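Please read these numbers as outputs of a predicted model, since none were measured by experiment.
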Amino acid sequence: MEASARGRVRRGRRRARDVGSRLSGPAVLLVLSAFLVRAPPSVGYLIRLPRGFHLSQDLVKIVGSTNFPENSSIQVTSTGSLVFQNFEEAMSGVYTCFLEYKPTVEEVVKNLQLKYLVYAYREPHYYYQFTARYHAAPCNSIYNISFEKKLLQILSKLVLDLSCEISLLKSECHRVKMQRAGLQNELFFTFSVSSLDTEKGPKPCKDPNCESSKRLSKAKNLIERFFNQQVEVLGKRAEPLPEIYYIEGTLQMVWINRCFPGYGMNALIHPKCPECCVICSPGSYNPRDGIQCLQCNNSLVYGAKACL
């Protein structure tokens with residue numbers, strides 16, 4: 001005989017003592033089987049299920065109440081699924097599900113209360129950082145500025161089809177004393193290549209090769225090839241070297257991995273996704289592009305960017 005039950009979700013409040021921590025924004029717990037609508041590309045969600053929870057849907061039929069909660073961005077479907085629409089950072093927190101069910105028609109009604117933690121998360125902000133040196137014109141020369149702009153244009157065009165962008169981080173000109181050549185002018189360039197969000201384009205890319213890591217890897221290879229080709233071209237020149245040219249062997253690359261402010265990585269709290277940038281819980285914060293949430297007892301909200 002088919003079992004039946006009634007389920008409803010309750011919105012958490014800051015004064016609730018059973019939650020165990022202060023909540024920011026709506027806090028409602030998941031019904032047994034949660035179907036979450038995909039969030040905007042910039043913010044997603046992680047769900048931590050209660051330890052030891054093994055209740056099978058074969059034993060209980062979930063009937064969702066469309067009257068709870070009142071927030072239009074959170075809905076309960078007729079099959080008992082909890083649906084998030086336009087998930088926002090402040091919607092992170094504890095969600096509670098209250099169930100009334102009868103294993104069989106003959107048995108008495110039983111009550112079940114479940115608690116879930118739902119976290120917002122963002123993909124890490126990772127990129128390659130390059131440094132390169134060029135023999136340059138005198139440091140006060142306008143030719144150095146023109147060359148810098150031209151170089152950035154070439155590099156940007158090189159990775160454009162990969163939905164990547166080049167950003168100049170630092171450019172400095174110094175007079176360097178060489179052992180045999182004496183003093184000479186050198187340009188020190190530091191620039192980054194990062195991936196753009198393909199989901200926001202007019203034609204979202206669904207191909208597996210559109211993953212940020214793969215596009216960045218291709219962009220890195222193109223940049224390295226570009227500088228190697230400069231060495232080859234200079235080696236074939238019969239005439240004197242130009243005033244500004246790449247110094248062979250000075251290209252260096254570093255992989256940078258950062259979380260956006262208000263997010264951090266924590267393998268202990270989120271062992272199933274240790275490399276995810278998860279929103280900082282109350283009691284912690286991340287003020288800048290770091291990789292960890294720092295402790296702050298004054299922080300009472302999710303996603304704090306400062307310790308007030």
Among all residues two or more places apart in sequence or in another chain, which pass the salt bridge (charged side-chain N to carboxylate O under 4.0 Å, His left out) test with [X]?
{"X": "E248", "answer": "none"}
{"X": "K305", "answer": "none"}
{"X": "E186", "answer": "R133"}
{"X": "E172", "answer": "none"}

Which residues pass the side-chain contact (heavy atoms from CB on, under 4.5 Å) test with [X], sequence neighbours left out?
{"X": "L308", "value": "A306"}
{"X": "N257", "value": "P124, Y126, W255, M265"}
{"X": "N221", "value": "S217, E224"}

Check for a donor-acceptor pair, side chain of [X] on one end and backbone N or O of [Y] on the other, with a separation under 3.5 Å.
{"X": "N298", "Y": "C307", "answer": "no"}
{"X": "T250", "Y": "I247", "answer": "yes"}
{"X": "N144", "Y": "P138", "answer": "yes"}
{"X": "S163", "Y": "L196", "answer": "no"}

**Under 4.5 Å side-chain linkage, directly or through intermediates, the cluster mates of V254** = Y127, I256

**Message:** More than 12 heavy atoms of other residues, nucleotides or ligands under 6.0 Å from CD1 of I142: yes or no?
**Reply:** no

**Which residues share a side-chain hydrogen bond (donor to acceptor under 3.5 Å, both in side chains) with S146, sequence neighbours left out** = none

**Prompt:** What is the ring orientation for Y245 with H135, classed by angle as parallel under 30°, tilted 30 to 60°, or perpendicular over 60°?
**Reply:** parallel

**Prompt:** With a 6.0 Å cut-off on ring centres, are H270 and Y121 close enough?
**Reply:** no

**Ring centres under 6.0 angstrom apart (F147, Y134)** = yes

List, one per line, each side-chain donor-acceptor pair under 3.5 Å for residues 148-158, sequence neighbours excluded.
unit_1: E148; atom_1: OE1; unit_2: S171; atom_2: OG; d: 2.7
unit_1: S156; atom_1: OG; unit_2: L152; atom_2: O; d: 2.8

**Message:** What verdict does the side chain to side chain contact (heavy atoms under 4.5 Å, CB included) test give for T190 and Q129, after you've listed the backbone C-alpha separation in whole Å, the side-chain angles of each residue and the deciding distance to 0.1 Å?
**Reply:** CA-CA 7 Å; T190 302; Q129 180 174 297; 4.0 Å; yes

**Pairwise salt bridge (charged side-chain N to carboxylate O under 4.0 Å, His left out) hits with a residue in residues 254-280, at least two apart** = none

**Prompt:** Taking only residues at least two apart or on different chains, which pairs with a member in residues 131-166 satisfy disulfide (SG to SG under 2.5 Å)?
**Reply:** C139-C173

